[in-house]
Protein chains: 2
Amino acid sequence: MPEREQSTLVDRVTSKIFEMLLSGEIPLGGPVNEAALAELLSVSRGPVREAVKQLQGRGLVVKEPYLKARAVALTVPDMVEIFQLREAVEGMSVRLATQRMSDAELDDLLAAFSDAKQRGDGVALDVHVRIAEGSGNARVRALLCDELYYLLRLYRARSGKAPGRREDAFAEHWQILRAMKARDADLAESLMRTHIGRATQSLQALLETEAPPLGGTEERKTG
Amino acid sequence: MPEREQSTLVDRVTSKIFEMLLSGEIPLGGPVNEAALAELLSVSRGPVREAVKQLQGRGLVVKEPYLKARAVALTVPDMVEIFQLREAVEGMSVRLATQRMSDAELDDLLAAFSDAKQRGDGVALDVHVRIAEGSGNARVRALLCDELYYLLRLYRARSGKAPGRREDAFAEHWQILRAMKARDADLAESLMRTHIGRATQSLQALLETEAPPLGGTEERKTG
DNA sequence: GGTCGAAAAAGTGTCAACACTTTTGCCGGA
DNA sequence: TCCGGCAAAAGTGTTGACACTTTTTCGACC
């Protein structure tokens with residue numbers, strides 16, 4: 001459960017609350033009660049407050065002064081916004097990575113991808129992470145891997161594995177990697193944007209068919 | 001000094017610390033001492049802690065557990081990273097705005113821009129804000145206007161007005177607005193990216209000539 | 001004189017209590 | 001019966017004190 005030994009209580013509390021969001025223990029759009037969480041986790045309200053503030057910074061919790069904090073609703077329009085942002089930033093990420101990764105790093109990435117392809121492993125997201133790390137731009141990496149990533153995980157955990165277009169994704173990733181290997185930054189960026197744009201479109205299609213958002217079961221006490 | 005009556009103490013403290021960063025009272029790369037700030041501002045350490053955490057979320061302060069927090073160094077390479085991110089996100093911003101803003105809104109924006117041009121007013125940044133608001137994407141707007149904006153302000157305040165290419169900026173903004181009016185999203189995005197890419201290039205040029213970063217004067221007590 | 005180690009100092013992390021704000025529910029009046 | 005206002009309850013905001021970690025300093029030993 002603890003991803004690795006986290007030194008400070010705040011980090012542990014943050015992880016725990018995030019898990020509660022993933023599992024649905026705190027319903028999407030539901031209230032996030034500091035006191036109840038503090039008692040549940042056997043800690044004071046201070047660390048809970050900071051953890052909530054941190055989650056607020058990541059966009060997982062919304063709140064205004066003196067009003068109850070609420071978990072993000074994560075409606076389909078929300079996800080469309082996030083995917084539009086990802087389209088732009090992942091495009092820049094792969095552009096920079098294409099220019100800055102060494103041949104050795106690229107070969108390594110291609111090999112790892114081939115292996116994963118063999119095993120049928122779901123490391124699709126890892127490709128995006130590796131590219132972001134290869135971009136050499138710490139802010140781009142942090143945005144994609146530390147902020148939007150959490151929202152994606154939450155959405156996928158609660159929406160029932162979302163698109164499920166595994167086959168397409170593999171092919172598209174492969175094309176992107178080939179463009180990187182060919183040092184064609186424009187092509188790589190274009191392919192990446194198309195890749196993510198496809199997911200955006202299937203979301204928007206979902207938006208028109210499925211009116212009811214995926215949301216939590218109901219207004220429920222957090223404790 | 002208070003932008004507007006802020007209800008909660010944490011917000012006021014956050015603003016105050018940000019001003020201290022802008023003015024240089026807290027040197028870039030210098031230590032951010034919770035206790036000293038608390039005494040200086042006549043508040044408890046709790047609000048200061050949360051304010052620092054918030055600034056940390058905005059990338060203005062870096063810190064790891066039990067170690068002194070430090071103001072961001074804001075080296076030229078840092079700014080290059082930020083501009084690369086901005087290039088991608090502002091591009092998406094103007095693309096979405098071109099698709100979603102109404103004719104009336106666009107005319108309004110064009111008129112406001114013309115007026116500002118007459119007065120020779122430095123509302124250049126406001127164009128970016130208006131476009132981000134017109135994008136209809138709350139996350140894009142928040143990233144550009146609430147997060148990167150603070151870093152830009154800080155950099156401009158401490159680096160001596162940065163590029164100073166006022167003439168070029170006006171012309172480039174005008175071109176962008178014309179593309180928007182023509183509903184040419186591809187052109188608008190392309191122009192915006194070139195516009196920001198120019199600033200990035202002048203930063204990178206600076207990087208090669210000016211080795212010493214702009215940094216703070218020296219390690220100094222915050223109180 | 002230099003270096004390793006322990007104690008003190010500085011600074012961050014956590015806690016429990018108190019103050020303020022918002023919401024909820026009740027009561028009286030129209 | 002419905003509306004407005006008042007009081008209790010719930011929940012957030014703030015505080016000062018205590019615990020833990022890191023850094024610095026001082027002294028003993030080599």
Side-chain angles (χ1 to χ4, degrees), chain A residues 2-17 20-21 25-27 29-57 60-72 216 218-223, chain B residues 2-17 20-21 25-27 29-57 60-72 216 218-223:
Chain A
E3 303 195 356
R4 65 176 179 280
E5 200 65 39
Q6 286 153 325
S7 52
T8 175
L9 233 189
V10 175
D11 291 339
R12 285 197 294 273
V13 171
T14 305
S15 299
K16 198 76 186 66
I17 297 178
M20 292 172 76
L21 287 170
E25 198 165 350
I26 299 175
V32 178
N33 187 322
E34 290 178 7
L37 284 170
E39 188 177 3
L40 178 65
L41 302 177
S42 304
V43 298
S44 172
R45 268 185 50 221
V48 174
R49 260 184 86 76
E50 290 190 27
V52 169
K53 200 138 206 118
Q54 203 157 322
L55 292 171
Q56 189 184 355
L60 296 170
V61 166
V62 293
K63 153 161 95 154
E64 37 197 330
Y66 291 109
L67 265 53
K68 265 191 259 280
R70 305 185 79 83
V72 69
E218 198 49 41
E219 193 91 349
R220 226 189 72 196
K221 282 298 253 191
T222 50
Chain B
E3 303 195 356
R4 66 176 179 278
E5 200 65 39
Q6 286 153 326
S7 52
T8 175
L9 191 52
V10 175
D11 291 339
R12 285 197 294 273
V13 171
T14 305
S15 299
K16 197 75 185 68
I17 296 178
M20 291 171 77
L21 286 170
E25 198 166 350
I26 299 176
V32 178
N33 186 324
E34 291 178 7
L37 285 170
E39 187 177 4
L40 179 65
L41 302 176
S42 305
V43 297
S44 172
R45 266 184 51 221
V48 174
R49 262 184 84 76
E50 291 191 27
V52 169
K53 201 140 205 116
Q54 204 157 320
L55 292 171
Q56 189 184 356
L60 296 170
V61 166
V62 293
K63 151 162 93 156
E64 37 198 328
Y66 290 109
L67 265 54
K68 264 191 260 278
R70 304 186 80 83
V72 68
E218 197 50 40
E219 192 91 350
R220 226 189 72 198
K221 283 296 255 191
T222 50

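Remember, it's a predicted structure, so these values are computed and weren't measured experimentally. Throughout, a chain's letter reflects where its sequence line sits, starting with A, and its residues are numbered from 1.
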Problem - Sub-4.5 Å side-chain heavy-atom contact between A/Lys63 and A/Gln56 - result: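 In short, these two side chains touch, coming nearer than 4.5 Å.
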Handout entry: Residue pair B/Leu40 / B/Met20, side-chain heavy-atom distance below 4.5 Å
Key =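 Heavy-atom side-chain distance check passes, below 4.5 Å.
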Practice task
With DNA chain C as reference, determine whether A/Val43 or B/Ala35 sits nearer its 5' end, using the nearest nucleotide of each.
Solution key: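 Here B/Ala35 is the residue nearer the 5' end.
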Handout entry: First of A/Pro47 and B/Ala69 reached from the 5' end of DNA chain C, by closest nucleotide
Key =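 Result: B/Ala69.
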Handout entry: Exam field: side chain B/Arg70 to backbone B/Val62, donor-acceptor pair closer than 3.5 Å
Key =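 Between the backbone of B/Val62 and the side chain of B/Arg70 there is no qualifying donor-acceptor contact (under 3.5 Å).
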Exercise for the section: Just compare C/dA16, C/dG11, D/dT15 and give me whichever is closest to any side-chain atom of B/Asn33. Expected result: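 Closest nucleotide to the B/Asn33 side chain: C/dG11.
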Handout entry: Out of C/dT14, C/dT12, D/dT12, whichever nucleotide has its closest atom nearest the side chain of A/Glu34
Key =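 Selected nucleotide: D/dT12.
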Handout entry: Criterion side chain to side chain contact (heavy atoms under 4.5 Å, CB included) against A/Lys16, the qualifying member of A/Val48, A/Leu41, A/Leu21, A/Leu37
Key =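 Result: among A/Val48, A/Leu41, A/Leu21, A/Leu37, A/Leu41 is the only option passing the side chain to side chain contact (heavy atoms under 4.5 Å, CB included) with A/Lys16.
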Minimum heavy-atom distance [X]-[Y], with the two atoms named:
{"X": "A/Ala51", "Y": "A/Thr14", "value": "CB-OG1, 3.3 Å"}
{"X": "B/Ala71", "Y": "B/Ile26", "value": "CB-CG2, 4.3 Å"}
{"X": "B/Val61", "Y": "B/Ala69", "value": "CG1-CB, 3.9 Å"}

When the distance from [atom1] of [X] to [atom2] of [N] is rounded to whole Å, what number comes out?
{"X": "A/Lys63", "N": "C/dT22", "atom1": "NZ", "atom2": "P", "result": "14 Å"}
{"X": "A/Leu37", "N": "D/dG11", "atom1": "CG", "atom2": "P", "result": "11 Å"}
{"X": "B/Glu39", "N": "D/dT15", "atom1": "CD", "atom2": "C1'", "result": "15 Å"}

Completion exercise
Per-nucleotide protein contact along nucleotides 19-25 of chain D, 5' to 3', at a 4.0 Å heavy-atom cut-off (B base, S sugar-phosphate only, - neither), is --SS---
Practice task
Only counting residues at least two apart or in another chain, list the ones meeting side-chain hydrogen bond (donor to acceptor under 3.5 Å, both in side chains) with B/Glu34.
Solution key: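 Applying side-chain hydrogen bond (donor to acceptor under 3.5 Å, both in side chains) to B/Glu34 gives B/Arg45, B/Arg49.
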Exercise for the section: Check each residue of residues 48-56 of chain B for a non-hydrogen atom within less than 4.0 Å of any atom in DNA chain D, then write out the ones that pass by number, or none. Expected result: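 By residue number: none to list.
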Practice task
Could you check whether A/Gly46 gets within reach of a base, just the sugar-phosphate, or nothing at all, counting any heavy atom under 4.0 Å?
Solution key: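 No contact.
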